[in-house]
Amino acid sequence: PEDTKQPEFFEERAEYYLQLKDYQNAINDYTQAILLNPDEIKYYEKCSKLYFEIEDYLNAVKYFDSALLTDSSKAEIWYLRGVSHFKLNH
């Protein structure tokens, strides 16, 4: 369908998956949204927080770093990135 070419489609579906606590499918859809609109920070933020939630700290750091490249003023992202590094013993 034509909708699947819009990042908003994947964002909305990811939010639905979040309600179901289906984190992996939510991550997959946010990743697709990033591919379609790599300049949108909220997709990186949401993806990184999901990786953090499932304790995949290595991927969380990767997406936190990408979010910070877009906007380095987000204190929560810096904090969660630091916690992720701590969990990885870095």
Side-chain angles (χ1 to χ4, degrees):
E2 191 65 30
D3 286 353
T4 61
K5 295 180 182 170
Q6 301 300 319
E8 294 82 9
F9 168 83
F10 292 99
E11 178 184 16
E12 288 175 23
R13 194 167 70 176
E15 293 297 323
Y16 171 75
Y17 285 133
L18 277 176
Q19 291 176 10
L20 298 175
K21 299 193 184 312
D22 184 349
Y23 298 127
Q24 191 55 58
N25 276 319
I27 288 169
N28 293 344
D29 277 356
Y30 281 126
T31 301
Q32 189 62 39
I34 288 168
L35 292 173
L36 293 169
N37 187 0
D39 296 326
E40 182 56 67
I41 189 172
K42 69 181 174 182
Y43 302 141
Y44 294 100
E45 285 184 64
K46 291 181 179 194
C47 205
S48 60
K49 289 176 183 177
L50 280 167
Y51 277 120
F52 186 87
E53 179 72 26
I54 63 171
E55 300 180 1
D56 182 347
Y57 300 114
L58 198 59
N59 276 311
V61 167
K62 175 180 148 187
Y63 282 90
F64 286 136
D65 286 346
S66 294
L68 290 167
L69 284 174
T70 306
D71 182 356
S72 64
S73 70
K74 303 268 188 169
E76 180 187 22
I77 299 302
W78 281 107
Y79 172 76
L80 292 173
R81 181 181 177 270
V83 171
S84 297
H85 274 288
F86 176 77
K87 297 282 190 178
L88 291 167
N89 296 314
H90 288 174

**Message:** Tell me whether Trp78 contacts the main-chain N or O of Ser73 through its side chain, where contact means a donor paired with an acceptor under 3.5 Å.
**Reply:** no

Interatomic spacing from [atom1] in [X] to [atom2] in [Y] - rounded to 0.5 Å:
{"X": "Leu36", "Y": "Glu8", "atom1": "CG", "atom2": "CD", "result": "9.0 Å"}
{"X": "Arg13", "Y": "Asn25", "atom1": "CZ", "atom2": "CG", "result": "7.5 Å"}
{"X": "Glu53", "Y": "Lys46", "atom1": "CD", "atom2": "NZ", "result": "14.5 Å"}
{"X": "Tyr43", "Y": "Glu11", "atom1": "OH", "atom2": "CD", "result": "4.5 Å"}
{"X": "Lys42", "Y": "Asp71", "atom1": "NZ", "atom2": "CG", "result": "14.0 Å"}
{"X": "Leu50", "Y": "Glu45", "atom1": "CG", "atom2": "CD", "result": "12.0 Å"}

**Members besides Phe86 in its Ile/Leu/Val/Met/Phe/Trp/Tyr cluster (side-chain heavy atoms under 4.5 Å)** = none

**Item:** Hydrophobic cluster of Tyr16, others only, ordered by chain and residue number, side-chain cut-off 4.5 Å
**Value:** Tyr17, Leu20

According to a hydrophobic-cluster definition based on side-chain heavy atoms being under 4.5 Å apart (Ile, Leu, Val, Met, Phe, Trp, Tyr only), do [X] and [Y] belong together?
{"X": "Ile77", "Y": "Tyr30", "answer": "no"}
{"X": "Tyr63", "Y": "Leu68", "answer": "no"}
{"X": "Tyr23", "Y": "Ile34", "answer": "yes"}
{"X": "Ile54", "Y": "Tyr44", "answer": "yes"}

**Message:** Between Asp29 and Phe9, does the side-chain contact (heavy atoms from CB on, under 4.5 Å) criterion hold? Intermediate values first, please.
**Reply:** CA-CA 9 Å; Asp29 277 356; Phe9 168 83; 5.9 Å; no

**Asked** What's the verdict on side-chain contact (heavy atoms from CB on, under 4.5 Å) for His85 and Val61, showing C-alpha distance, side-chain angles and the deciding distance?
**Response** CA-CA 7 Å; His85 274 288; Val61 167; 3.5 Å; yes

**Heavy-atom pair with the smallest gap, counting every atom of Phe64 and Ser84** = CE1-OG, 3.5 Å

**Asked** Ile41 and Ala67: which non-hydrogen atoms are nearest, and at how many Å?
**Response**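 Answer, listing the atom of Ile41 first, then Ala67: CD1-O, 3.3 Å.
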
**Request:** Begin from the C-alpha positions of Tyr51 and Tyr57 and carry the test ring pair (Phe, Tyr, Trp, His ring centres under 6.0 Å) through to its verdict.
**Result:** CA-CA 6 Å; Tyr51 277 120; Tyr57 300 114; over 10 Å; no

**Message:** side-chain contact (heavy atoms from CB on, under 4.5 Å) for Leu80 and Ser48? Distances and angles first, verdict last.
**Reply:** CA-CA 9 Å; Leu80 292 173; Ser48 60; over 6 Å; no

**Prompt:** Which pairs pass salt bridge (Lys or Arg N to Asp or Glu O under 4.0 Å) with one or both residues in residues 76-90, sequence neighbours excluded?
**Reply:**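 Passing the test, one end in residues 76-90: Lys49-Glu76, Asp65-Arg81.
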
**Request:** Output, in order, the C-alpha distance, side-chain angles, deciding distance and verdict of side-chain contact (heavy atoms from CB on, under 4.5 Å) for Asp39 and Thr70.
**Result:** CA-CA 7 Å; Asp39 296 326; Thr70 306; over 6 Å; no

**Test item: side-chain donor near acceptor, Gln32 and Asn28, under 3.5 Å** = no

